[in-house]
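This is a predicted model, so every value here is computed, not measured.
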Amino acid sequence: MSRTVQSVERAAALLRVLSAESEPMPLGQLALAVGLAKPTAHGLLRTLAEAGFVDQDPITGRYLVGAGLLHLGSVTLDLNELRSETLNWVDTLAARTGEEARIAAYRDGSAVVAHHVFRAGPGTQVMDTGRSLPLHATALGKVLVAFDPGAARSVVGQRLERLTFRTITDRSQLLRALADARDTGWAAAVAESRPELAGIAAPVRDRGGYVVAAVGIAGPVPRLCDARGLPRLDLIEAVVGVARSISRALGHGRAA
């Protein structure tokens with residue numbers, strides 16, 4: 001029995017180390033981090049991989065948190081369910097800000113829009129529902145990469161495509177932006193996907209606290225940003241407030 005408990009403790013230690021890292025880790029570094037011999041760590045990692053809690057990069061041999069662990073305790077909504085559960089709040093966000101509003105979830109390497117509400121007023125607008133948005137160059141995408149480990153894993157080792165002169169293509173710079181998003185609870189993208197467009201977004205959580213989507217607004221840079229080119233505080237507050245309301249509607253923060 002003592003050996004069984006010790007094995008669980010060691011496996012948990014390995015998962016904690018992997019969960020704290022944004023990049024895959026080699027066996028030797030993992031073993032050193034938890035104070036285990038390499039053969040012992042390897043055996044535990046192999047068992048965790050069979051359970052779906054750890055993945056191993058087939059090229060580098062490095063380890064990262066597996067999809068089975070990422071979604072443990074979380075109910076994944078399909079895009080139609082996400083839309084039906086949140087459309088009233090996305091409508092509210094568009095009405096409060098006067099800008100177009102979207103809610104998106106991570107799917108297959110991009111942020112896929114589940115619901116899109118046009119802004120009021122004249123001008124040509126294109127419906128984005130069902131459209132895939134780049135993770136690194138949009139506010140919705142940055143939120144998903146910052147808070148959803150699955151989305152974060154999808155950009156590891158991938159080239160960051162330059163879409164405008166302000167698109168973040170340096171991985172270190174992107175990691176700093178993602179850290180800021182985690183610290184503040186929201187993300188922005190100013191002229192990063194299109195020169196004239198800015199966006200502000202915040203995470204949506206389910207009952208277990210897992211980030212299942214991102215909600216936000218988009219519009220012309222002069223309307224979303226102040227004279228310094230920074231996102232307007234009143235718009236940030238509106239986006240974060242609606243994100244929290246949607247999260248509560250999905251069960252986050254409710255007593256069990």
Requested in this report: Could you tell me whether Arg83 and Glu85 have a side-chain N and a carboxylate O separated by less than 4.0 Å?
Outcome: no
Considering all heavy atoms of both residues, which atom of [X] and which atom of [Y] are nearest to each other, and what is their separation?
X      : Y      : result
Ser154 : Tyr106 : CB-OH, 3.0 Å
Val190 : Cys225 : CG2-SG, 3.9 Å
Ala213 : Ile103 : CB-CG1, 4.0 Å
Glu99  : Pro220 : OE1-CD, 4.1 Å
Met127 : Thr129 : SD-OG1, 3.3 Å
Phe147 : Ala181 : CZ-O, 3.5 Å

[atom1]-[atom2] distance between [X] and [Y], expressed to the nearest 0.5 angstrom:
X      : Y      : atom1 : atom2 : value
Leu224 : Ile217 : CG    : CD1   : 4.5 Å
Arg223 : Leu197 : CZ    : CG    : 10.0 Å
Arg131 : Leu133 : CZ    : CG    : 5.5 Å
Leu48  : Asp55  : CG    : CG    : 11.0 Å
Leu175 : Asp180 : CG    : CG    : 11.0 Å
Leu233 : Asp226 : CG    : CG    : 7.5 Å

Report summary line: Given the options Leu235, Val240, Val239, Trp186 meets side-chain contact (heavy atoms from CB on, under 4.5 Å) only with Val240
Query raised in the report: Which one of Val90, Asp128, Val215 satisfies the side-chain contact (heavy atoms from CB on, under 4.5 Å) criterion with His115?
Result: Val90
Query - Single-linkage hydrophobic cluster Leu36~Leu27, side-chain heavy atoms < 4.5 angstrom - result: yes
Query - Linked, directly or transitively: Ile246 and Val117 (ILVMFWY side chains, under 4.5 Å) - result: yes
Check whether any side-chain heavy atom of [X] lies under 4.5 Å from a side-chain heavy atom of [Y], and answer yes or no.
X      : Y      : value
Leu174 : Leu178 : yes
Arg248 : Ser245 : yes
Thr40  : Arg10  : yes
Val34  : Leu30  : no

Kindly say whether [Y] contributes a backbone atom to a donor-acceptor pair with the side chain of [X] at under 3.5 angstrom?
X      : Y      : value
Ser110 : Val112 : no
Arg171 : Gln158 : yes
Asp206 : Tyr210 : yes
Gln56  : Tyr63  : no
Thr167 : Arg162 : no
Arg102 : His116 : no
Thr97  : Leu93  : yes
Glu81  : Asp78  : yes
Thr164 : Ala191 : yes

Requested in this report: Determine, stepwise, if the pair Leu64 / Val54 fulfils side-chain contact (heavy atoms from CB on, under 4.5 Å).
Outcome: CA-CA 6 Å; Leu64 64 164; Val54 167; over 6 Å; no
Show the atom names and distances, to 0.1 Å, of all donor-acceptor pairs under 3.5 Å that link a side chain in residues 135-145 to residues at least two apart or in another chain.
{"residue": "His136", "atom": "NE2", "partner": "Glu161", "partner atom": "N", "Å": "3.4"}
{"residue": "His136", "atom": "NE2", "partner": "Glu161", "partner atom": "O", "Å": "2.7"}
{"residue": "Thr138", "atom": "OG1", "partner": "Pro134", "partner atom": "O", "Å": "2.7"}
{"residue": "Thr138", "atom": "OG1", "partner": "Gly141", "partner atom": "N", "Å": "3.0"}
{"residue": "Lys142", "atom": "NZ", "partner": "Ala188", "partner atom": "O", "Å": "3.0"}
{"residue": "Lys142", "atom": "NZ", "partner": "Glu192", "partner atom": "OE1", "Å": "3.0"}
{"residue": "Lys142", "atom": "NZ", "partner": "Glu192", "partner atom": "OE2", "Å": "2.8"}

**Report entry** side-chain contact (heavy atoms from CB on, under 4.5 Å) between Met25 and Val17, intermediate numbers included
**Finding:** CA-CA 9 Å; Met25 297 181 66; Val17 172; 3.7 Å; yes
Query raised in the report: For Asp108, does the CG atom have more than 12 heavy-atom neighbours from other residues, nucleotides or ligands under 6.0 Å away?
Result: no
Report task. Test Asp148 against Val212 for side-chain contact (heavy atoms from CB on, under 4.5 Å), laying out the working first. Result -> CA-CA 8 Å; Asp148 181 337; Val212 294; over 6 Å; no
